[in-house]
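We're numbering straight along the sequence, starting at 1. Everything numeric in this text was worked out from a predicted model, so none of it was measured.
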Amino acid sequence: MSTHPSAAAADFEEHRPRMFALAYRMLGSAAEAEDIVQDAWLRWDSADRGGVVYTGAWLAKTVTRLCLNRLDSARARREAYVGAWLPEPVFTGGGALGPLESAEQRDGVSMALLLVLERLTPVERAVYVLREAFAYGHREIAELLDLSEANCRQLYRRAAARVGAEAEAGAKPRSVPDPARWQALVETFMAAAREGDLGRLEGLLAEDVRYVADGGGVVNAARRPILGRAHVARFLLGALEKFTVDLPVSFVEVNGAPALVFGEVAVLLVEFEDGLVSGLRTVLHPAKLEFLLRQLSHSGGLSGPSW
């Protein structure tokens, strides 16, 4: 391992995308993930790098420990959060969270799974993320977390069982249609909402559809989930009319799934099951949109029609 400052910076930058991907999966916050990566750099820059054999392992351990410390305080902050809390959306079309070539990889960064991970203990979450998202072996995880291998196996089994139970209960990523099919379904859905056709809109919603919004008390948003076809349809007529009057609406890949971006004020993820809208999640908190909007401004990631 070179101890020259420029070489150390180059080593760090090589691992930056992986560190961000790890921190985001641990925290569900792009802003906090960036802070963690910056903290990791400060530690790397001041470390005695002469004894570091594997840069990636050293940085993974540092980032994981920083995330564990952050999660201890994050839980208290989220308990005091105004309204529903959702993870920060991330544009994944440019590979910000690593390769998402399979359904399993896309599910691994979905809003649904990130919300399930919130219900694990910090250490369970670390073990699960390292194992599932980064394919670390139990021995490697034990070394990163300074735990026994047996303990790591037990933590992983517990976390996997919890995730599996939540999936069985419905708190799992829904199957995502191919992008073209998804876009066609959303266009039909948006047309019904824009035209104020309540009956048609209700016909596009699953009976147990669920709408969740995250405004954080900063902007006007539903503070509790809206449940059921009739209630969601009536709410959407008013809400989508507000967002589609003066704002461009574009298709973007967010957290491994297609999503709608309304100008710079909202992101809407629409889940389908058997051709019907089964779930909607919208992020309106301005601070939670900053990272995504910055990504899109750099990448030109907006696509599709503008209603």
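A continuous path of hydrophobic side-chain contacts links Val277 to Leu185 [ILVMFWY only; heavy atoms under 4.5 Å]. At a threshold of 4.5 Å between side-chain heavy atoms, the hydrophobic network of Ile, Leu, Val, Met, Phe, Trp and Tyr places Ile226 and Val209 in one connected group. Hydrophobic clustering of Ile, Leu, Val, Met, Phe, Trp and Tyr side chains at less than 4.5 Å, counting indirect connections, unites Tyr81 with Leu115.
Side-chain N or O atoms of Arg49 include one that pairs as donor or acceptor with a backbone N or O of Trp44 at under 3.5 Å. For the pair Arg281 (side chain) and Leu269 (backbone), a donor-acceptor distance under 3.5 Å is absent.
A heavy-atom distance below 4.5 Å is found between the side chains of Leu284 and Val219. Between Lys288 and Asp214, the closest side-chain pair of non-hydrogen atoms falls below 4.5 Å. Side-chain contact between Asn255 and Leu114: present, with at least one pair of heavy atoms (C-beta onward) separated by less than 4.5 Å. The side-chain heavy atoms of Leu145 and Thr64, taken from C-beta on, include a pair separated by under 4.5 Å. In this structure, Asp45 and Leu42 have side chains that are not in contact, with every pair of non-hydrogen atoms separated by 4.5 Å or more.
Note on residues 154-163: pairs passing salt bridge (charged side-chain N to carboxylate O under 4.0 Å, His left out), not counting sequence neighbours, are Glu124-Arg158, Arg162-Glu166. Evaluation of the salt bridge (charged side-chain N to carboxylate O under 4.0 Å, His left out) test over residues 17-32, restricted to residues two or more places apart or in two chains, returns Glu32-Arg77.
Here Leu66 contributes atom CG and Asp35 contributes atom CG; the two are 10.5 Å apart, rounded to the nearest 0.5 Å. Taken to the nearest 0.5 Å, the NE2 atom of His15 stands 12.0 Å off from the CG atom of Leu22. Once rounded to the nearest 0.5 Å, the distance linking CG of Leu201 with CZ of Arg194 reads 12.0 Å. The distance from atom OH of Tyr24 to atom SG of Cys67, rounded to the nearest 0.5 Å, is 13.0 Å. Within the model, atoms CG of Asp208 and OG of Ser278 stand 7.5 Å from one another, a figure rounded to the nearest 0.5 Å. Distance CZ/Phe235 to OH/Tyr211: 4.0 Å, rounded to 0.5 Å.
In terms of the side chain to side chain contact (heavy atoms under 4.5 Å, CB included) criterion, residue partners of Leu227 (sequence neighbours excluded) are, by chain and number, Arg210, Pro225. The side chain to side chain donor-acceptor pair (under 3.5 Å) check on Arg234 picks up nothing, with sequence neighbours excluded. In terms of the salt bridge (charged side-chain N to carboxylate O under 4.0 Å, His left out) criterion, Asp274 has no residue partners (sequence neighbours excluded). Here Arg294 pairs with Glu34 under the side chain to side chain donor-acceptor pair (under 3.5 Å) rule; sequence neighbours left out. Scanning for side chain to side chain donor-acceptor pair (under 3.5 Å) contacts around Glu195 gives Arg200, with sequence neighbours left out. Checked against side chain to side chain contact (heavy atoms under 4.5 Å, CB included), Leu204 has the following partners two or more places apart in sequence or in another chain: Thr188, Phe189, Ala192. A search for salt bridge (charged side-chain N to carboxylate O under 4.0 Å, His left out) contacts involving Glu118 returns Arg78, Arg125, not counting sequence neighbours.
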Would Ile36 and Met26 count as a side chain to side chain contact (heavy atoms under 4.5 Å, CB included) if you check the C-alpha gap in whole Å, the side-chain angles of each, and the deciding distance to 0.1 Å?
-> CA-CA 11 Å; Ile36 291 293; Met26 284 289 295; over 6 Å; no
Just do the side chain to side chain contact (heavy atoms under 4.5 Å, CB included) check on Leu198 and Leu237 with the steps written out, would you?
-> CA-CA 7 Å; Leu198 181 62; Leu237 282 183; 3.7 Å; yes
Verdict with supporting geometry, Val37 and Phe12, side chain to side chain contact (heavy atoms under 4.5 Å, CB included) | CA-CA 10 Å; Val37 173; Phe12 184 88; 3.9 Å; yes
Output, in order, the C-alpha distance, side-chain angles, deciding distance and verdict of side chain to side chain contact (heavy atoms under 4.5 Å, CB included) for Thr55 and Asp11.
-> CA-CA 7 Å; Thr55 302; Asp11 286 339; 4.2 Å; yes
Which donor-acceptor pairs under 3.5 Å do side chains of residues 83-98 form with protein atoms, sequence neighbours excluded?
residue: Glu88; atom: OE1; partner: Ala30; partner atom: N; Å: 3.1
residue: Glu88; atom: OE1; partner: Ala31; partner atom: N; Å: 3.2
residue: Glu88; atom: OE2; partner: Ser29; partner atom: OG; Å: 2.8
residue: Thr92; atom: OG1; partner: Glu253; partner atom: OE2; Å: 2.7
residue: Thr92; atom: OG1; partner: Gly256; partner atom: N; Å: 2.9

Enumerate, atom names and distances included, each donor-acceptor pair closer than 3.5 Å involving a side-chain atom of residues 126-144, sequence neighbours excluded.
residue: Arg131; atom: NH1; partner: Tyr136; partner atom: O; Å: 3.1
residue: Glu132; atom: OE2; partner: Tyr156; partner atom: OH; Å: 2.3
residue: Glu140; atom: OE1; partner: Gly137; partner atom: N; Å: 2.7

Pairs under 3.5 angstrom only: tabulate donor-acceptor contacts from the side chains of residues 259-268 to other protein residues two or more places apart or in another chain.
none

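Using a 30° and 60° split on the angle between ring planes, Phe272 and Trp182 fall in the perpendicular class, above 60°. The aromatic rings of Phe20 and Phe291 lie parallel to each other, with less than 30° between the two planes, well short of the 60° mark.
Residue Gly217 comes nearest to Val82 through the heavy atom pair CA-CG1, 3.7 Å, listed as atom of the first residue, atom of the second, then distance. The shortest heavy-atom contact between Asp72 and Pro122 is OD1-CG, 3.9 Å. Nearest heavy atoms, Leu27 versus Ala33: CD1-N, 4.2 Å.
Salt-bridge check for Lys61 with Asp146: passed, with a basic side-chain N closer than 4.0 Å to an acidic carboxylate O.
Open room surrounds CG on Asn220; 12 or fewer heavy atoms of other groups in view lie less than 6.0 Å from it. When the shell of 6.0 Å around CD of Glu13 is examined, it contains more than 12 heavy atoms from other residues, nucleotides or ligands.
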